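Worksheet: the structure to be examined is printed underneath.
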Amino acid sequence: MSVPIITIDGPSGSGKGTISHLLSEKLGWNLLDSGSIYRLCALACLKQDIDLDDESAALVIAQALDIRFEVTKSSVRTLLNDEDVTSTIREETVGMAASKIAAYPSVRSALLSCQKAFAKTPGLVADGRDMGTVVFPDAALKFFLTASAQTRADRRVKQLSEQGVAADYDEVLTAIKLRDFQDENRKSAPLKPADDAILVDSSHIGIDDVLAVMVQNIERVLTNK
Ligand code: C5P
């Protein structure tokens with residue numbers, strides 16, 4: 001029997017991480033945060049001082065990646081070579097490096113089997129850029145969650161300030177636009193909605209409303225209501 005999969009793709013800061021987490025909890029399904037795998041690979045490259053312009057050097061790192069996710073009820077600890085890097089991989093330098101190595105087709109294909117392995121019973125919520133287009137094209141239900149770059153920058157500045165980190169709105173907005181550009185314009189698995197994805201724009205609605213729209217669609221598709 002095939003494992004039911006829901007994919008949630010979208011640009012950085014669209015809220016897909018939060019939504020995917022809430023949905024996987026609600027359904028009691030596994031969760032794949034595919035961005036964290038690209039971030040882990042990028043961090044491994046940075047730690048080994050790899051030239052990020054060198055695809056073959058990045059591929060060697062991707063092929064030897066030693067990563068682990070320790071899932072508890074309330075959190076996920078992310079380990080690289082047994083070191084807890086849960087917060088380090090969230091830094092913007094790591095995000096930008098991830099976006100750079102994620103443009104390499106050989107790196108993407110080296111990281112594919114590790115992502116597919118998350119498809120286990122009772123089901124999977126997969127969050128990323130190409131979940132519905134490349135990794136799980138046969139998913140039962142696909143969402144593309146987006147929001148304007150300004151809204152996403154606002155949210156990021158607020159999130160950083162809650163963590164006690166001062167951030168400049170214009171700098172955050174520029175970084176978001178740059179990462180969007182890189183992710184949307186690469187040749188290999190660019191960020192774009194799958195043809196059969198349901199588009200959800202969260203620019204003017206909150207998390208609860210986004211979740212409600214998704215749950216309505218999930219009930220309709222998974223229970224044929
Ligand atoms: O989602 P997150 O911001 O953690 O992802 C970091 C980067 O990893 C993205 O900007 C993107 O370039 C890359 N990525 C990807 N494909 C995915 C998930 C993330 O290319 N499925």
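What you see is a predicted model; the values in this text were computed from it and never measured. Just so you know, ligand 1 is whichever comes first in the structure, and atom 1 is the first atom listed for that ligand. For this chain, numbers begin at 1 and follow the sequence in order.
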Atoms of ligand 1 close to K16 [distance to a heavy atom under 4.0 angstrom, numbered from 1]
1 (O)

Show which atoms of ligand 1 fall inside a sub-4.0 Å distance from at least one heavy-atom site of D183.
9 (C), 10 (O), 11 (C), 12 (O)

Side chain, backbone, both or neither: which part of [X] comes within less than 4.0 Å of ligand 1 when only heavy atoms are counted?
X	result
A102	side chain
E184	neither
R129	both

Is M96 near ligand 1, meaning one of its heavy atoms is under 4.0 Å from it?
no

Are M131 and ligand 1 in contact, using a heavy-atom cut-off of under 4.0 Å?
yes

So, does [X] use its side chain to make a donor-acceptor pair with the main chain of [Y] at under 3.5 Å?
X	Y	result
R108	A102	yes
N185	F181	yes
E184	P190	no
D183	L191	no
N217	V213	yes

Got a salt bridge between R90 and D33, using NZ or NE/NH1/NH2 to carboxylate O under 4.0 Å?
yes

Considering heavy atoms of the protein only, find what lies nearest to [atom] and give residue, atom and distance to 0.1 Å.
atom	result
atom 18 (C) of ligand 1	S34 OG, 3.4 Å
atom 19 (C) of ligand 1	G35 CA, 3.5 Å
atom 6 (C) of ligand 1	R179 NH1, 3.5 Å
atom 4 (O) of ligand 1	R39 NE, 2.6 Å
atom 16 (N) of ligand 1	R108 NH2, 3.0 Å
atom 8 (O) of ligand 1	Y38 CB, 3.5 Å

May I have the step-by-step check of side chain to side chain contact (heavy atoms under 4.5 Å, CB included) for M131 and S20, ending in yes or no?
CA-CA 12 Å; M131 298 294 99; S20 302; over 6 Å; no

Below 3.5 Å, N or O to N or O, backbone or side chain included: is there any such pair between Q115 and ligand 1?
no

Heavy atoms from other residues, nucleotides or ligands near CG of D195 exceed 12 (cutoff 6.0 Å):
no

